[in-house]
Amino acid sequence: MGSQRRFTILFTRDEIEATVKKLAAEIRQDYLGKHPILIGVLKGSFMFLADLIRLLDFPLEVEFVRLSSYGRGTKSSGKIRMVHSLRSKIKGRHVLVIEDIVDTGLTTSFVLDYLGRKKPASLKVCALTDKPSRRQIPVNIDYRGLTVPNKFIVGYGLDWDERFRNLPDIYVVENEG
Ligand code: IMP
């Protein structure tokens, strides 16, 4: 019935909560009064975005884009496709992209390219987690949460084959044997 998986906790829900609070404080300082549009990159960012915006007590808007890069399993196919594009106008607006993880950087740079062409007033990136060891393309992360080792992680929105997004903590998951 396939191989066993080993889950090792990497970040507890308390560490995640503290990180989201820290990022929200930084974002509040920079965006208060600017009525920004926060754009979540689906699906992985939905939980982070939901927690983050509850800590932001000023007018803002929420949008989503969805891309597909990963096939089944934990290896990227390297190909990126936009499967849900932006539904609102961002020209002249302050835009903050919300990412679950920046891994190779291909997805984030694709999104920044796509959004940048729409001429926002500003365009920045907030990533809950960063896996710099796997970067293939440089990405400037303006608001960075937790640094991840070169391992596959799940939980708090992040999946393995669509599973484990619902875990409240973040785990490293590895095949055993
Ligand atoms: P990229 O390699 O930076 O383009 O990341 C693409 C997407 O792959 C991310 O937005 C995640 O959804 C997913 N991803 C990358 N690394 C992990 C991981 O360790 N666990 C779960 N998903 C990941």
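Owing to the predicted nature of the structure, the values given are computational and were not obtained by experimental measurement. Order of listing sets the numbers, starting from 1, for every ligand and every atom in it. Reckoned from all heavy atoms, side chains included, excluding hydrogens, waters and symmetry mates.
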Check the surroundings of atom CD in Gln29: do more than 12 heavy atoms from other residues, nucleotides or ligands lie under 6.0 Å from it?
no
Using a strict threshold of under 4.0 Å (side-chain N to carboxylate O), is an ion pair present between Asp130 and Arg135?
yes
Per-atom contacts of ligand 1 with Leu158, taking only distances under 4.0 Å to non-hydrogen atoms
21 (C), 22 (N)
Counting both backbone and side chain atoms, is some N or O of Arg134 under 3.5 Å from an N or O of ligand 1?
no
Under 4.0 Å, heavy-atom basis, I'd like to know which part of Asp100 is in contact with ligand 1: side chain, backbone, both or neither.
side chain
Is it the case that over 12 heavy atoms from other parts of the model lie below 6.0 angstrom from the NZ atom of Lys21?
no
Short N or O distance, Gly105 and ligand 1, threshold 3.5 Å exclusive:
yes
Tell me if a side-chain donor or acceptor on Asp142 pairs with a main-chain N or O of Val125 at a distance below 3.5 Å.
yes
Quick look: Lys43 vs ligand 1, heavy-atom contacts under 4.0 Å, and the answer is neither
Taking a cutoff of less than 4.0 Å between a non-hydrogen atom of the residue and any ligand atom, is Gln136 in contact with ligand 1?
no
Thr108 N/O to ligand 1 N/O under 3.5 Å
no
Pairwise distance CG(Asp103) to NZ(Lys131) - rounded to 0.5 angstrom
4.0 Å
Judging by distance only, is a nitrogen or oxygen of Val154 under 3.5 angstrom from one on ligand 1?
no
Can you sort out which atoms of ligand 1 are near Thr104, meaning under 4.0 Å from one of its heavy atoms?
1 (P), 2 (O), 3 (O), 4 (O)
Where the closest heavy atom to atom 4 (O) of ligand 1 is concerned, which of Ile80, Leu10, Thr107, Val102 has it?
Thr107
Phe164: ring-ring contact (aromatic ring centres under 6.0 Å, His included) partners, not counting sequence neighbours:
Phe7
Please tabulate, for side-chain N and O atoms in residues 116-123, each donor-acceptor pair with protein atoms closer than 3.5 Å (sequence neighbours left out).
residue : atom : partner : partner atom : Å
Ser122  : OG   : His94   : ND1          : 2.7

